[in-house]
Amino acid sequence: QVQLVESGGGLVQAGDSLRLSCAASGRTSSSAAMAWFRQTPGKEREFVAAITWSGVITNYADSVKGRFTISRDNTKNTVHLQMNSPKPEDTAIYYCARATSSVPSKRQYDYSYWGQGTQVTVSS
């Protein structure tokens, strides 16, 4: 089993910055890709960003490309999402997830472990 715990969410003004973190514990010895998804009430969970184990390959949703950066530190079993210039439409619960393979997929069905989520609210 793998446990994922997100942190760093909160209230931020549009244009400021926020950094989310995800700490993994349990059976973390894996080359699995990691990702961030987000969800707002009444909507499907949507892909935000993903990264391979090595960190060399990343994948971003078009809506956050150029503003958000995903990174990971395998020595500390952590994944981060740096959110620069957030917009009110980025308001959501953000979830960390671990993939079933090394592929940084955009599909939520390719991820088997999920955190409990952290709320991000961007005010205008």
Side-chain angles (χ1 to χ4, degrees):
Q1 288 291 324
V2 174
Q3 293 78 42
L4 302 174
V5 179
E6 302 94 337
S7 62
L11 176 64
V12 62
Q13 284 195 325
D16 284 345
S17 297
L18 194 67
R19 189 190 197 208
L20 304 184
S21 296
C22 172
S25 60
R27 297 181 62 182
T28 58
S29 57
S30 165
S31 61
M34 297 289 293
W36 289 93
F37 287 77
R38 66 188 183 187
Q39 189 171 23
T40 54
K43 292 189 177 181
E44 289 279 323
R45 189 172 298 185
E46 67 170 354
F47 170 78
V48 176
I51 188 169
T52 55
W53 185 87
S54 66
V56 172
I57 300 173
T58 55
N59 203 354
Y60 293 95
D62 289 341
S63 59
V64 306
K65 202 172 291 184
R67 300 187 298 119
F68 292 7
T69 301
I70 187 171
S71 62
R72 66 190 295 171
D73 183 343
N74 293 327
T75 64
K76 298 180 180 178
N77 294 321
T78 56
V79 179
H80 304 285
L81 184 69
Q82 179 68 40
M83 304 172 61
N84 294 332
S85 301
K87 305 174 182 179
E89 50 263 43
D90 294 320
T91 295
I93 298 175
Y94 283 72
Y95 297 92
C96 174
R98 196 181 90 160
T100 56
S101 75
S102 61
V103 178
S105 170
K106 292 184 176 183
R107 305 188 323 154
Q108 60 175 316
Y109 305 106
D110 290 328
Y111 293 82
S112 55
Y113 293 103
W114 295 83
Q116 83 291 348
T118 185
Q119 175 71 48
V120 172
T121 302
V122 183
S123 64
S124 57

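- Two residues are said to be in side-chain contact when any heavy atoms from C-beta on lie closer than 4.5 Å; Val64 and Arg38 meet this criterion.
- The CZ atom of Arg19 sits 6.5 Å away from atom CD of Gln82, with the distance rounded to the nearest 0.5 Å.
- Once rounded to the nearest 0.5 Å, the distance linking CD1 of Ile51 with NE2 of His80 reads 10.0 Å.
- Contact check for Leu20 versus Glu6: no side-chain heavy atoms found under the 4.5 Å cut-off.
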field: Residue pair Met34, Leu4: steps toward the side-chain contact (heavy atoms from CB on, under 4.5 Å) verdict
entry: CA-CA 11 Å; Met34 297 289 293; Leu4 302 174; 4.0 Å; yes

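- Side-chain contact between Arg67 and Asp90 is present, with heavy atoms from C-beta onward closer than 4.5 Å.
- Closest non-hydrogen pair, Pro88 versus Ser124, comes out as CG-CB, 3.8 Å.
- In this model, no donor atom of one side chain and acceptor atom of the other lie less than 3.5 Å apart for Thr100 and Asp110.
- With Arg98 contributing its side chain and Tyr113 its backbone, the two residues share no donor-acceptor pair below 3.5 Å.
- In this structure, CG on Leu18 lies 8.0 Å from OG1 on Thr118, to the nearest 0.5 angstrom.
- Around atom CH2 of Trp114, more than 12 heavy atoms belonging to other residues, nucleotides or ligands sit under 6.0 Å away.
- Rounding to the nearest 0.5 angstrom, the gap separating the CD atom in Gln108 from the CD atom in Glu44 is 6.5 Å.
- In this structure, Asp62 pairs ionically with Lys65, as a charged nitrogen and a carboxylate oxygen lie closer than 4.0 Å.
- By the rule that hydrophobic residues join a cluster once side-chain heavy atoms approach within less than 4.5 Å of another member, Val12 and Tyr94 end up as members of one cluster.
- Interatomic distance, Glu46 CD to Gln39 CD, rounded to the nearest 0.5 Å: 9.5 Å.
- If you chain together hydrophobic residues whose side chains sit under 4.5 Å apart, Tyr111 and Tyr95 fall into the same group.
- Looking at Thr52, its side chain does come within 3.5 Å of a backbone N or O of Ile57 through a donor-acceptor pair.
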task: Could you give me the CA-CA distance, side-chain angles and deciding distance for Tyr60 and Ile70, then say whether side-chain contact (heavy atoms from CB on, under 4.5 Å) is met?
output: CA-CA 9 Å; Tyr60 293 95; Ile70 187 171; 3.5 Å; yes

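- Closest approach of Ser105 and Ala50 over heavy atoms only: O-CB, 4.0 Å.
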- request: Could you go through the side-chain contact (heavy atoms from CB on, under 4.5 Å) check for Lys76 and Ser21 one step at a time?
  value: CA-CA 11 Å; Lys76 298 180 180 178; Ser21 296; over 6 Å; no

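- Proximity of a side-chain donor or acceptor of Asn59 to a complementary backbone N or O of Lys106 within less than 3.5 Å is not detected.
- To the nearest 0.5 Å, atoms CD (Gln116) and CD1 (Ile93) are separated by 10.0 Å.
- The aromatic rings of Phe47 and Phe37 sit perpendicular to each other, their planes meeting at more than 60°, with 30° as the lower class boundary.
- Of the possible donor and acceptor atoms, none in the side chain of Thr121 sits under 3.5 Å from a partner among the backbone N and O of Thr91.
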- request: Please report the C-alpha distance between Trp36 and Val79 in whole Å, then the side-chain angles of each, then the deciding distance to 0.1 Å, and finally whether the side-chain contact (heavy atoms from CB on, under 4.5 Å) criterion is met.
  value: CA-CA 9 Å; Trp36 289 93; Val79 179; 3.6 Å; yes

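- Here the closest heavy-atom approach between residue Val103 and residue Ala99 is recorded as O-CB, 4.1 Å.
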